[in-house]
Structure formats: C-alpha cells, structure tokens
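Data first, discussion second: the structure below is written as structure tokens.
Throughout, a chain's letter reflects where its sequence line sits, starting with A, and its residues are numbered from 1. Because the structure is a prediction, the values reported are computed rather than measured.
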Amino acid sequence: MGVEHQGPSLVGVGGLAADFELSTGRMPLAAPNLQPIRSDPSFSGADIRRLVAYIASLGGPAIPSIDPSRGSLLEGRDLFALQCAGCHQISGAGGVVTGATVPALDQATPTQIGEAVRLGPYLMPRFGPEQLDQHQLDSIALYVTQTTRHPDDAGGLPLGHLGPIPEGMVAWLVAMGALLVVARMTGERAS
Amino acid sequence: MTGPRAQLEPEDPRREVTADPTRELVAAVLLLAAAVASAGFVAAYLLSGDTQLMGLAIGATFVLLGLALIVFAAGLAGEGRAVEERALPEPVQPSAGEIVTAPGSAITRRRLLAGAAGVAGASLGAAAIVPLASLGPAPALGRSAWREGRRLVDDAGHPVKAEIMETGSFLTAFPEGASKVALGSPLVVVRIDPSMLNPPPGREDWAVDGILAFSKICTHAGCAVAMLRYPLFPDREPGPALVCPCHYSTFDVTRAGEVLFGPAGRQLPQLPLRLRPDGTLEAAGPMSGPVGPAASGVDW
C-alpha cells in the first residue's frame with residue numbers, strides 16, 4: 001500500500017511497471033532519494049517473474065508486447081527525433097536533464113523500451129496509446145535497437161556517436177597540426 | 001617598390017613598374033571582379049537573405065582578391081631574391097615632368113590599379129558593415145499567430161484532442177492555418193496532474209484539466225524546449241519542468257513557466273487554453289508575452 005513520502009503504493013501500477021523496474025535493475029533502490037539507474041537485476045529471472053505476477057495481480061497495465069520486426073525504421077527515427085531525442089540524444093547515448101541523468105539506451109530491450117514509454121519512469125514523460133500506437137512503439141523500438149547496437153560510425157572513431165561534424169572537427173584539428181609541422185619542416189628561415 | 005634592385009639596370013629605375021602592362025590590367029580586372037562579388041554579397045544579404053548565396057559571394061570575393069594579389073606580386077617582384085645594394089652609383093631619377101608626360105606611363109596604370117583596389121576595398125568594407133543591420137531589433141520578436149479561438153494542430157496538421165494526452169505526457173503543436181516555422185508558432189503542450197498546479201493570479205483558468213501550453217522557443221537563446229521532466233513519484237522526485245537542451249534553462253510548468261534554473265532571463269510565454277465542444281484544444285487568448293530569445297529591449 002506504500003508509505004507516505006517513502007514509497008508509492010504498488011496497487012494498480014501493474015506488471016508493466018514491476019517488470020520494467022526489476023528487469024532493468026532499477027529497483028530495489030538503495031535509498032529513497034536516489035535516482036533509480038540501470039544495473040544488474042537484484043533477482044533471478046524466475047524471481048522477477050514471480051514478483052511481477054504478484055504485482056500484476058493487484059491490478060494495472062500488463063507488460064506490452066513489442067515486436068520491432070513489425071515497425072518501420074524511418075518512422076521510428078522521426079518519432080524518436082520528435083519525442084525522445086531531446087533527452088536521450090538522437091544516438092540514444094543518453095544525457096542529462098536538470099535534476100537527473102538520462103540513461104543510455106544501448107542495453108534497453110524492445111520490451112523495456114515499450115514499458116518505459118508507457119510508464120514514464122522517474123522524470124521521463126509518458127505516452128499513452130492515443131499518442132503513440134502499437135505500430136509507432138514497434139518502430140521506435142526498432143530504431144533504438146538498430147541505432148544503439150549498430151551505430152553508423154563511418155569515420156571509424158565514434159567520438160560518442162555525435163555524427164560527422166564533431167568527427168570532422170577532430171580531423172581538422174589533427175590535419176591542421178600536421179600541416180603546421182610540415183610547413184615548419186619545409187619552410188626556409190629568412191636570413 | 002621604388003628602390004633600385006641589384007638585378008635591374010641602374011639606368012632604368014622604372015623597369016620594375018613597367019614590367020608587364022597586361023599584368024596590371026589583369027590585376028585591376030580581378031580587383032573589380034572582387035568588388036562586384038562583394039557587392040553581390042550585399043545584394044544577397046539585402047534581397048534574399050540566402051546564406052548559401054552570401055557565402056558563395058564572399059568566398060568568390062576573397063578568391064578574386066587573392067588572385068589579384070598573386071598577379072600583382074608576381075608582376076612586380078619577379079622570381080628569386082632581391083638584395084638591395086647600398087653601394088650603387090647614384091640612380092638616375094626621372095623628373096616629375098618626365099613621369100607625367102611619358103606615354104602610357106606607370107602613373108596611369110598605377111592609378112588604374114589603385115582605383116580598382118579602392119573600389120574592391122570599399123565594396124568589401126560595405127560587405128562587412130551591411131550585415132550589422134542584423135543586430136537591430138528583430139521584427140519577428142513579440143509577434144505570434146496565436147489569437148483567441150485559433151485551434152492547436154499537430155505536426156501533421158490534425159487538431160489536437162485533449163483526450164489523447166495522458167498525465168505526464170507532452171507534444172508539439174502549431175497554430176492552425178499559420179506558419180509552423182515562425183518564431184511565435186510552435187508550442188509545447190504538457191499535461192500534468194491538476195493538483196500540482198500553482199498558477200499566479202490571473203492564470204487560474206489557463207489550463208484545461210491540467211493541460212498547459214507554452215512557447216517551445218527558449219527565452220534564452222531561442223532553442224527548441226524539447227525536454228519535459230515529469231515525476232513518477234512526486235514526493236521524492238523533482239517537480240514537473242520544461243528543460244531546454246541547449247543550456248539547461250528549466251521552466252516551472254506548474255507556475256507560469258517561471259525560471260527554476262539556467263541562463264534564461266524571463267519566464268516561458270504561456271498560451272491560455274480552452275476546450276472546444278468537439279474535444280479539441282484552442283487558444284483562449286494571445287501569448288502571455290513576447291516569444292523568442294531574450295534580446296535587448298524585451299521588457300517583462
């Protein structure tokens with residue numbers, strides 16, 4: 001039932017919230033004021049299933065079924081850019097918002113992505129089925145898993161997956177230095 | 001430029017400037033072309049504002065200037081090193097009259113060259129000064145298409161229904177039938193638990209069941225306010241706020257978009273909302289203040 005100002009009631013949060021918080025290792029929390037962060041789950045898969053089944057029996061939304069293979073990568077990218085990239089970065093590398101850190105998505109499973117969108121864990125906003133339908137959720141999960149597992153690092157050195165502009169800046173810096181050295185070596189001192 | 005050089009004939013000190021008349025002509029033409037290109041930059045700035053055209057024009061200006069300098073330098077200095085010998089015999093100085101009256105004299109070509117350089121310099125100076133107009137008052141600041149009764153539409157142009165928004169969600173909306181890219185147009189619409197609302201006097205009825213609309217343009221530097229934080233467990237977590245990803249200006253959603261953190265100097269302009277009978281959202285009035293970055297002259 002929860003304790004006021006300590007922990008929320010779990011009646012009605014459903015299997016969705018329980019599975020997300022336990023399977024990502026966010027819960028149990030070491031102290032009530034900490035931000036839950038992703039870590040190794042504290043319980044075995046079987047124990048998590050039992051806990052989720054118990055919380056689910058108290059009522060609330062079920063674990064969503066997410067199938068990235070039914071999604072569209074292009075639509076997923078557009079939706080992610082519009083709704084998610086403000087905090088998570090277009091590369092899914094995470095970042096910060098005032099008062100909290102934003103997790104990277106490179107370990108998030110499609111089911112966990114769907115759960116997070118519907119739940120809005122910690123300070124994340126939530127999106128209902130009227131705003132992001134099943135197909136759009138599948139598409140976002142496809143984009144996130146694709147872009148974080150197979151990042152497009154054409155330059156060879158990812159530099160935080162920030163794209164060609166920072167890579168180019170570093171290339172310019174290195175090339176300028178090299179050119180200076182060459183100019184210094186080939187130049188003739190005025191006498 | 002005027003001193004006699006070791007490899008020059010001492011009896012002909014004008015040789016250095018009379019080396020090749022066509023070179024000077026080419027240099028002058030290049031300088032004039034540079035002047036035309038930088039005039040093109042000014043024209044592009046004033047007429048179209050297309051940054052690609054402006055970049056092309058100013059780039060061409062510097063390329064042409066560079067070419068003119070190369071031609072000029074090559075024509076006058078020639079190859080190799082020039083060492084000034086101090087122990088030369090007294091050079092023959094032509095009288096002023098000789099220079100002025102000499103047919104096709106160096107003075108005329110020098111004047112041509114100097115004139116061309118002057119035109120190019122003036123034109124480049126104009127290209128450097130004219131863009132300062134952009135520092136003037138921004139005409140778009142403070143203007144917004146939001147009026148009482150204008151509906152909110154999403155990025156696909158569909159009217160925004162209040163019922164699609166869950167508590168703790170946000171979306172981007174635009175004025176129906178108006179420009180989406182104008183500074184005053186984009187909104188970030190958020191839905192929070194109505195019990196969290198703490199509006200200042202006069203704004204008590206600006207929200208519809210906890211749905212609030214703010215300008216999506218940060219009042220600090222004009223970035224898109226793309227982040228909403230909304231606590232799942234408000235007792236132990238920071239309160240709802242809109243955050244700008246550029247410099248982390250943080251605006252209190254529960255209280256009129258007041259600045260909680262960051263470099264923004266004034267609150268995020270809010271749009272009063274009301275519900276239409278068909279369940280869609282519309283503006284109940286204009287924006288609460290000027291939209292856009294905190295340029296000088298914006299009073300709050």
Side-chain angles (χ1 to χ4, degrees), chain A residues 2-10 13 16-17 20-21 26-27 29 31-36 61 75 78-90 94-102 115-133 136 188 190-191, chain B residues 81-83 154-156 158 160-174 186 188-193 211 216 218 223-253 259-264 279:
Chain A
V3 177
E4 202 180 353
H5 304 308
Q6 290 295 321
S9 163
L10 296 181
V13 302
L16 183 152
F20 177 80
E21 302 286 0
R26 280 178 169 73
M27 293 286 162
L29 209 51
N33 281 333
L34 294 180
Q35 173 182 0
E75 189 182 350
D78 288 350
L79 289 165
F80 191 84
L82 189 66
Q83 308 281 23
C84 320
C87 295
H88 289 285
Q89 319 295 334
I90 194 68
V96 288
V97 64
T98 40
T101 58
V102 178
E115 288 167 345
V117 168
R118 294 285 187 245
L119 172 66
Y122 200 55
L123 295 186
M124 178 173 156
R126 69 167 71 183
F127 302 87
E130 295 281 340
Q131 214 177 331
L132 290 174
D133 63 24
Q136 291 173 317
E188 209 177 333
S191 53
Chain B
R81 291 189 190 181
V83 178
D154 63 16
D155 60 327
H158 303 126
V160 175
K161 287 197 155 206
E163 66 190 27
I164 72 159
M165 297 195 71
E166 298 223 348
T167 301
S169 77
F170 77 107
L171 53 79
T172 304
F174 304 92
V188 54
V189 185
V190 304
R191 182 165 205 160
I192 67 172
D193 185 340
I211 300 179
K216 201 181 167 85
C218 183
C223 293
V225 177
M227 303 152 98
L228 168 70
R229 68 170 202 216
Y230 186 81
L232 186 61
F233 182 43
D235 279 355
R236 287 279 175 184
E237 298 169 3
L242 284 163
V243 182
C244 176
C246 286
H247 308 97
Y248 295 101
S249 289
T250 304
F251 303 95
D252 190 347
V253 171
V259 181
L260 291 172
F261 177 84

Counting C-beta onward and ignoring hydrogens, is there a side-chain heavy-atom pair between [X] and [Y] closer than 4.5 Å?
{"X": "A:P129", "Y": "B:E166", "value": "yes"}
{"X": "A:E21", "Y": "B:L232", "value": "yes"}
{"X": "A:Y122", "Y": "B:P238", "value": "yes"}

Closest approach of [X] to [Y] (non-hydrogen atoms, all atoms of both residues):
{"X": "B:P245", "Y": "A:G86", "value": "CB-O, 3.9 Å"}
{"X": "B:R229", "Y": "A:T98", "value": "NH1-O, 2.6 Å"}
{"X": "B:L228", "Y": "A:P125", "value": "O-CD, 3.2 Å"}

Against chain B, label [X] side chain, backbone, both or neither, depending on which of its atoms sit under 4.5 Å from a heavy atom there.
{"X": "A:Q83", "result": "both"}
{"X": "A:V102", "result": "neither"}
{"X": "A:L34", "result": "neither"}

Check whether [X] gets within reach of chain A through its side chain, its backbone, both or neither, counting any heavy atom under 4.5 Å.
{"X": "B:F261", "answer": "side chain"}
{"X": "B:D154", "answer": "neither"}
{"X": "B:S249", "answer": "neither"}

Measure from the side-chain N and O atoms of A:Q131 to the backbone N and O of B:F170, and report whether any donor-acceptor pair falls under 3.5 Å.
yes
Spatial distance of atom CD (B:E237) from atom CD (A:Q35) [nearest 0.5 Å]
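If we round to the nearest 0.5 Å, B:E237:CD and A:Q35:CD are 8.5 Å apart.
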Can you measure from CG (B:L171) to CG (A:L132) and round to the nearest 0.5 angstrom?
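B:L171 CG to A:L132 CG: 10.0 Å, rounded to 0.5 Å.
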Given the options A:C87, A:A100, A:P121, which has more heavy-atom pairs under 4.5 Å with chain B than any of the others?
A:C87
Any residue meeting side chain to side chain donor-acceptor pair (under 3.5 Å) with A:Q89, in chain and number order, not counting sequence neighbours:
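Listed in chain order: nothing, the list is empty.
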